[in-house]
Amino acid sequence: MSFVCTRRRIAGLVLSMLALLTAAVSAQKIEFSAAERSRILTHGPWPPAPALDPGNAWAGRAEAIALGQRLFFDTRLSPDARLACASCHQPALAFADGRARSLGRVELERNAPSLWNAVHERWLGWDGAADSLWSQALRPLLEPRELGSNAAQLRRWLAQDRDLACRWAASFGTLADDDKVLLVQAAKALGAFVGSLQSAATPFDHFRDALAADDGPAQARYPASAQRGLRLFVGRGRCHLCHSGPRFSNGEFADIGAGFFVRPGQVDPGRHGGIQDLHRSEFTLLSHWADAPGETALKTRHVSPQHRNFGEFKVPSLRNVALTAPYLHDGRVPTLAAMVRHYSELDLDRLHADGERILEPLRLSGDEQADLQAFLRSLGDAGARRWQRPVLPTCRR
Ligand code: HEC
Ligand code: HEC
């Protein structure tokens with residue numbers, strides 16, 4: 001009799017402990033509606049299918065990635081050995097530079113974007129003036145205000161550096177006589193390197209996968225404030241309409257009323273100027289410099305500037321956004337808190353009259369602003385600021 005009693009008591013105890021546990025778990029788990037759930041699932045899975053720099057036959061090749069890594073970090077890429085790509089795209093700053101506007105030989109007009117996941121971008125630069133990583137790399141390489149380099153500098157450096165020359169030969173064979181061929185080769189190696197940077201899964205991704213698998217306890221590990229922020233993001237905030245998909249960007253351009261004056265009397269035309277620059281460029285996916293670009297060149301053929309593009313900038317990916325303050329194309333917004341406030345207090349008079357009206361001032365409470373920030377922070381992968389330069393195997397030929 002007493003034996004049965006004890007067993008019952010133990011069973012009762014276990015049951016009540018289980019009930020307590022479930023209560024604790026459900027306290028941490030928001031019940032999302034079917035519509036919210038399906039929207040949330042569109043932000044994954046992560047990592048996405050691998051992508052390659054379009055029009056770049058060296059993309060994904062180990063020897064070209066290694067050569068690109070050498071070029072990226074070395075100031076000898078610029079004639080006065082003062083700047084490297086890594087001066088403005090620093091691994092410890094998630095491949096951004098932490099400044100509002102980048103500093104080349106002079107201060108530039110724009111903020112340096114992080115290069116994580118750039119291979120998945122449809123257009124490169126805040127105005128989308130480039131249609132591939134390799135053509136984007138040519139701009140800072142040649143631009144006098146940035147690296148201000150040229151083929152003669154590359155030839156000098158190759159003549160002095162046996163390791164570099166060996167890696168160059170491993171990718172491209174005999175040194176080309178034509179200066180433009182040489183510069184495009186350097187750009188393609190840089191494109192191969194930048195294209196290899198893909199960030200890892202984040203707390204949000206673990207939550208999203210748990211939601212997909214209906215795994216309640218795993219969902220509950222995601223902070224409640226981030227869950228409430230996520231609900232705002234895909235709901236009342238309508239953020240997901242532009243910051244969509246696994247990268248949290250639709251790859252398009254928009255005006256969020258941030259203003260586009262560079263200095264009094266001078267504006268940054270944004271996407272409008274970007275499309276014009278793209279069509280003027282000698283190095284697009286439509287040019288003979290592109291290796292078998294296939295379908296990816298269609299976007300370049302069909303894009304044309306519309307009036308509404310004036311003052312539009314690229315919808316940035318929000319992965320690792322907490323690591324790359326300050327924000328926007330000119331770095332005018334110093335913190336994530338200020339970014340959330342921008343959307344909360346939006347000044348509709350600063351938006352273009354034409355185009356789709358998605359945005360309106362959200363008038364978020366203090367708690368809601370904190371929740372949205374908690375969600376944005378959960379899009380961070382801790383490894384994105386700890387990238388270590390791989391030690392390259394010795395080049396032998
Ligand atoms: C002086 C600072 C500076 C240097 C040096 C520099 N960049 Fe950048 N980078 C920027 C800025 C600023 C932008 C945004 C440009 C724009 O919007 O037109 C940018 C944009 C990019 C992008 C586009 C990213 C995106 O998501 O749209 C890539 C790729 C890139 N840089 C690669 C490179 C490579 C490769 C080098 C070396 C050849 C390099 N950068 C050198 C400042 C710099
Ligand atoms: C109409 C499209 C659109 C909507 C809706 C939208 N954004 Fe944006 N977002 C953009 C664009 C475009 C930029 C860059 C603007 C610029 O640089 O001038 C941006 C920039 C940002 C940035 C700065 C990122 C960086 O790296 O500089 C954050 C953070 C951000 N948005 C979060 C949000 C949140 C949160 C919401 C919802 C409350 C939201 N966005 C709604 C288009 C949109």
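All ligand and atom numbering here is 1-based and tracks the order in the structure. Numbering starts at 1 and runs along the sequence shown. All heavy atoms count here, side chains included; hydrogens, waters and symmetry mates do not.
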Flag yes if more than 12 heavy atoms outside [X] fall under 6.0 Å of its [atom1] atom; otherwise flag no.
X	atom1	result
Asp178	CG	yes
Asp367	CG	no
Arg386	CZ	no

Would [X] pass as a cation-pi partner of [Y], given that its NZ or CZ must be under 6.0 Å from the six-membered ring centre and within 45 degrees of the axis?
X	Y	result
Arg389	Phe73	yes
Arg319	Trp46	yes
Arg37	Phe32	no
Lys188	Trp134	yes

Fill in: N, O or S of His243 under 2.8 Å from atom 8 (Fe) of ligand 2
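So His243 counts as coordinating atom 8 (Fe) of ligand 2, yes.
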Worksheet item: Within the stated cut-off of 2.8 Å, is an N/O/S atom of Tyr343 closer than that to atom 8 (Fe) of ligand 2?
Response: yes
If the cut-off is 4.0 Å to any non-hydrogen atom of [X], which atoms of ligand 1 fall inside it?
X	result
Arg139	9 (N), 13 (C), 15 (C), 19 (C)
Leu103	1 (C)
Lys314	25 (C), 26 (O), 27 (O)
Gly104	1 (C)
Leu133	29 (C)
Trp126	14 (C), 16 (C), 17 (O)

[atom]: the protein heavy-atom neighbour that sits closest, reported with distance to 0.1 Å:
atom	answer
atom 25 (C) of ligand 2	Tyr327 CD2, 3.6 Å
atom 29 (C) of ligand 2	Met339 CG, 3.4 Å
atom 11 (C) of ligand 1	Ala112 CA, 3.8 Å
atom 27 (O) of ligand 2	Leu328 N, 2.8 Å
atom 13 (C) of ligand 2	Pro316 CD, 3.3 Å
atom 36 (C) of ligand 1	Cys85 SG, 2.8 Å
atom 1 (C) of ligand 2	Cys242 SG, 2.8 Å
atom 39 (C) of ligand 1	Pro140 CG, 3.4 Å

Worksheet item: Among Gln136, Arg82, His329, which one has a heavy atom closest to atom 21 (C) of ligand 1?
Response: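 The nearest heavy atom belongs to Gln136.
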Practice prompt. Identify the heavy atoms of Pro54 and Leu285 that sit nearest to each other, and give their distance.
Written response: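 Scanning both residues completely, I find the closest heavy atoms to be O-CD2, 3.5 Å.
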Worksheet item: Between His89 and ligand 1, is there a nitrogen or oxygen pair with a distance under 3.5 Å?
Response: yes
Discussion item. If you measure every N or O of Arg110 against every N or O of ligand 1, does any of those distances drop under 3.5 Å?
Written reply: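 Yes; at least one N/O pair falls below 3.5 Å.
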So, 4.0 Å and heavy atoms of [X]: is ligand 1 close enough to count as a contact?
X	result
Pro113	yes
Ala84	yes
Leu147	yes

Item to complete: Would you kindly specify which portion of Val340 sits under 4.0 Å from ligand 2, judged on non-hydrogen atoms: side chain, backbone, both or neither?
Response: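 Neither; no heavy atom under 4.0 Å.
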Practice prompt. Under 4.0 Å, heavy atoms only, figure out whether ligand 2 is touched by the backbone of Asn111, its side chain, both or neither.
Written response: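 The answer is neither; Asn111 stays 4.0 Å or more away.
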Discussion item. Between Asp131 and Arg122 (salt bridge meaning N to carboxylate O under 4.0 Å), is one present in this structure?
Written reply: no
For [X], take its heavy atoms, then give the atoms of ligand 2 lying under 4.0 Å from any of them.
X	answer
Leu362	38 (C)
Cys239	34 (C), 35 (C), 36 (C), 37 (C), 38 (C), 39 (C), 41 (C)
Arg238	5 (C)

Worksheet item: Can you find a pair of side-chain heavy atoms, one from Leu376 and one from Leu318, that are under 4.5 Å apart?
Response: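 A side-chain contact under 4.5 Å exists here.
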Fill in: Metal proximity, Cys88 vs atom 8 (Fe) of ligand 1, N/O/S cut-off 2.8 Å
no
